[in-house]
Undergrad: 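Pasting a structure below so you can have a look.
Side chains included, hydrogens not; waters and symmetry mates left out as well; all remaining heavy atoms used.
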Amino acid sequence: MSLKKGQTYEGTVTEYRFPDKGIVNIDGQSVAVKGALPGQKVSFSISRKRTEGLSEGRLGEVMERSPLENADPTCPHFGKCGGCTYRRLEYENQLNLKAGTVEEMLRKVYPEMTFEGIIGSPDINGYRNKMEFTFGDECKNGPFALGLHSKGSFHDILNLTDCRLVHEDLNIIRNVTRDFFNDLYTAGKIDFNHKLTHRGYLRHLLVRRSVFNKEILVALVTTTPDQCDKIDPDAEQRIINEYAGTLLSLEKEKRLEGRIAGICHIYNNSLSDVVKSDRTDILYGVDHIYESISGLKFRISLFSFFQTNSKGCEKLYEKAREYASYDGGGVIYDLYSGTGTIAQLMSPAASEVIGIEIVEEAVMSARENAQLNGIGNVRFIAGDVMKVLCGEEGAGIPKPDMIILDPPREGINPKALGRILGYGVDRIVYISCKPTSLANDLAAFKQAGYDLAKAACVDMFPHTVHVETVCLLSNRKPDTKVRIDVDLEDYYRIKDSKKNQN
């Protein structure tokens, strides 16, 4: 039987692959159905047909649950929100599923590697320290909403009331914010930003909360008044000040467990649906909070990268430090260093730690964090890792004796990877938030003479499909720089060719 695009089929998921792909076999042809769990019987329609490799299917109905689905979701939004795919799975089943998919991917590259399993999150609910909520309507011309995008929709906003991934303080702030602006919206005095017309005022609500210090940072993201047909520019500041006062009343009324450290107003006229700042005004307090990790204190600003699970972050970095096990007193590179957490944790073992990070705000925070913690042997460079390592920006910095990597989801830029491998250091610790990107990069490490000594997962995102992976790579072939540069060029040409075929 030949699969037909748009046609609906039924089948049982017999295999599971990261991220969130259930494999169904129909008459010898394999289809990857996003959102289908192992053991489920599902209906699906073919969204992309391929003559080679996996075809893709769009999940229709779960006709029979998986034997793994034996837990109460305990969330009023489960099924409508796309965030918590694993809510029906007991936590132990979630961990086993994540560890199994990651181990399978890694063993395809390194069959003999030592896999140390998965470390669970200390908290499985209320663990997120940051959320970005979106203003909109529940459906076209529907009720005013503030929440997350509905599952499978770019436009519809799920009007959250009780997200179980965040602390109750964040739920309270979101609900009060929605109610405050809903009254103005109903009265025709304000509007949300419409994605098609790019007109409208309200865009996002960004909230950060430090788990250990219990400080809260709130940022309302809007367009400028000239991008909105309803808001009166003369009334804007009064509305914004009233909103800030409403938030502060929560603290006065002792409705929050934490303390509001700052309230900010961000103007963003970007056409893309991202949270960014054209201008930021501080309405109250400061534009940052502090978090404590492994005995060190870190300043976190509005747009600083910081792991979203603070207690899980400690587990992740403990494993990274264990794998590094370096006490050579040499130079350590912390690439994609964010706010400098890893660099500072590794500083006692090195003569100098050099962190490289493209987000300038994060670098400024990293430098301040180092001063805050009294650490003098760390240096942070603002710039793209590839450009710093391969260009004049990196001129004069000493070569590393060990490297720690924590790249973005897409993995390491090929040119940067070539440079990293060219140093030929004995040990590299690679932290990854996307196992598929990690597996692609590991193929290049193997080709360059590195063994995957051991690997482990750390579950930073309970109830979701995501997981962090930590790998220790050891160099078995010194002086391989010339061969590396040639091999990497060929390797990525082949990889890109296969990607285009898929």
Side-chain angles (χ1 to χ4, degrees), residues 77 131-150 153-163 166 168-208 216-253 255-256 260 262-271 273-285 287 302:
H77 308 294
M131 284 295 283
E132 296 175 359
F133 300 109
T134 300
F135 288 97
D137 47 8
E138 293 186 31
C139 57
K140 188 175 182 180
N141 300 321
F144 181 84
L146 174 59
L148 303 176
H149 288 275
S150 296
S153 175
F154 178 72
H155 297 284
D156 299 345
I157 302 301
L158 181 61
N159 214 355
L160 295 178
T161 58
D162 183 18
C163 176
V166 302
E168 184 59 19
D169 284 353
L170 273 62
N171 282 320
I172 292 172
I173 289 171
R174 183 201 56 248
N175 292 344
V176 166
T177 300
R178 182 192 58 239
D179 293 345
F180 178 88
F181 288 108
N182 182 54
D183 290 342
L184 294 171
Y185 175 80
T186 303
K189 296 180 180 180
I190 209 166
D191 197 4
F192 59 85
N193 190 259
H194 296 259
K195 293 179 178 60
L196 293 179
T197 64
H198 303 294
R199 301 289 296 177
Y201 186 67
L202 299 168
R203 299 196 69 163
H204 298 95
L205 175 69
L206 168 61
V207 191
R208 305 192 81 144
I216 302 169
L217 182 61
V218 183
L220 179 71
V221 184
T222 74
T223 62
T224 51
D226 59 289
Q227 300 296 310
C228 179
D229 299 323
K230 293 186 177 181
I231 191 169
D232 181 353
D234 296 331
E236 182 201 16
Q237 196 57 54
R238 174 182 57 79
I239 291 172
I240 294 299
N241 289 338
E242 286 181 3
Y243 169 62
T246 299
L247 293 181
L248 292 174
S249 68
L250 295 174
E251 192 172 324
K252 294 177 182 178
E253 296 166 5
R255 293 176 60 187
L256 301 175
I260 296 179
I263 303 172
C264 298
H265 181 200
I266 297 174
Y267 286 109
N268 173 22
N269 285 343
S270 171
L271 297 181
D273 187 31
V274 295
V275 179
K276 57 176 291 188
S277 173
D278 296 333
R279 189 184 100 194
T280 299
D281 297 334
I282 299 176
L283 306 176
Y284 168 80
D287 62 352
L302 285 168

Undergrad: When you compare the side chains of His204 and Asp273, does any donor N or O come within less than 3.5 Å of an acceptor on the partner?
TA: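 Checked: His204/Asp273 side chains pair up, N/O donor to acceptor below 3.5 Å.
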Undergrad: Listed by chain and number, what are the side chain to side chain contact (heavy atoms under 4.5 Å, CB included) partners of Ser277, not counting sequence neighbours?
TA: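 With neighbours one apart ignored, the set is Ile266, Thr280, Phe303.
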Undergrad: Between the main-chain N or O of His265 and the side-chain N or O of Thr222, is there a donor-acceptor pair closer than 3.5 Å?
TA: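 No; judged by distance alone, with no hydrogens or angles, the pair does not exist.
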Undergrad: Does the gap between the ring centers of Tyr201 and Phe135 come in under 6.0 Å?
TA: no
Undergrad: CG of Asn175 to CZ of Phe133: how many Å apart, nearest 0.5 Å?
TA: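 If I round to the nearest 0.5 Å, the distance is 8.5 Å.
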Undergrad: First locate atom CG of Asn193, then atom CG of Leu202, and finally report the distance between them rounded to the nearest 0.5 Å.
TA: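 Taking CG in Asn193 and CG in Leu202, the distance rounds to 9.0 Å.
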Undergrad: Taking only residues two or more places apart in sequence, or in another chain, which ones meet Leu248 in a side chain to side chain contact (heavy atoms under 4.5 Å, CB included)?
TA: Ile260, Ile263, Tyr284
Undergrad: Could you give the distance from OH (Tyr185) to CZ (Phe192), rounded to the nearest 0.5 Å?
TA: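 Separation between the atoms: 4.5 Å.
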Undergrad: Go through the structure and list residues passing side chain to side chain contact (heavy atoms under 4.5 Å, CB included) with Asn268, not counting sequence neighbours.
TA: Arg203, Val221, Ser270, Lys276, Asp278
Undergrad: Do the side chain of Arg178 and the main chain of Leu160 share a donor and acceptor less than 3.5 angstrom apart?
TA: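 Confirmed, Arg178 side chain pairs with Leu160 backbone.
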Undergrad: Does any pair with a residue in residues 131-141 pass salt bridge (Lys or Arg N to Asp or Glu O under 4.0 Å), and if so which ones, sequence neighbours excluded?
TA: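 Passing the test, one end in residues 131-141: Lys130-Glu132.
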Undergrad: Could you tell me which non-hydrogen atom of Arg208 sits nearest to which non-hydrogen atom of Leu302, and how far apart they are?
TA: NH1-O, 3.1 Å
Undergrad: Not counting sequence neighbours, which residues clear side chain to side chain donor-acceptor pair (under 3.5 Å) with Asn182? List them please.
TA: none
Undergrad: Among Val176, Thr186, Leu220, which residue meets the side chain to side chain contact (heavy atoms under 4.5 Å, CB included) test with Phe181?
TA: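 Answer to the side chain to side chain contact (heavy atoms under 4.5 Å, CB included) test with Phe181 among Val176, Thr186, Leu220: Leu220.
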Undergrad: CG of Leu146 to CD1 of Ile173: how many Å apart, nearest 0.5 Å?
TA: 11.5 Å
Undergrad: For the CG atom of Leu271 and the NZ atom of Lys195, what is their distance to the nearest 0.5 Å?
TA: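 Leu271 atom CG to Lys195 atom NZ measures 13.0 Å (nearest 0.5 Å).
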Undergrad: Within the 4.5 Å heavy-atom criterion, are Phe180 and Ile239 side-chain neighbours or not?
TA: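 They are in contact (side-chain heavy atoms under 4.5 Å apart), so the answer is yes.
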Undergrad: To the nearest 0.5 Å, what is the distance between CG (Asp156) and SG (Cys139)?
TA: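 Rounded to the nearest 0.5 Å, the CG-SG separation comes out at 6.0 Å.
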Undergrad: Taking the side chain as everything from C-beta on, heavy atoms only, tell me whether Thr134 gets closer than 4.5 Å to His149.
TA: yes
Undergrad: Enumerate the salt bridge (Lys or Arg N to Asp or Glu O under 4.0 Å) contacts for residues 225-247, please, sequence neighbours excluded, ordered by first and then second residue.
TA: Arg199-Asp229, Arg238-Glu242
Undergrad: Look at the side chain of Asp191 and the backbone N and O of Gly200, then say whether any donor-acceptor pair between them is shorter than 3.5 Å.
TA: no
Undergrad: Return the minimal non-hydrogen interatomic distance between Leu217 and Cys264, and the atom names on each side.
TA: CD1-SG, 4.4 Å
Undergrad: Take Lys189 and Ile231 through the test side-chain contact (heavy atoms from CB on, under 4.5 Å) and record every step on the way to the result.
TA: CA-CA 5 Å; Lys189 296 180 180 180; Ile231 191 169; over 6 Å; no
Undergrad: When you measure from the side chain of Asp169 to the backbone N and O of Leu256, does any donor-acceptor pair fall under 3.5 Å?
TA: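 Here the side-chain-to-backbone pair does not exist.
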Undergrad: Quick one: does His77's side chain have a donor or acceptor within less than 3.5 Å of a partner on Thr161's backbone?
TA: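 It does hold such a pair.
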Undergrad: Side chains of Thr223 and Tyr267: does their closest heavy-atom pair fall under 4.5 Å?
TA: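 In short, these two side chains do not touch, never coming nearer than 4.5 Å.
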Undergrad: For Asn159 and Gly147, indicate whether the former's side chain and the latter's backbone hold a donor-acceptor pair under 3.5 Å.
TA: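 A pair under 3.5 Å: no.
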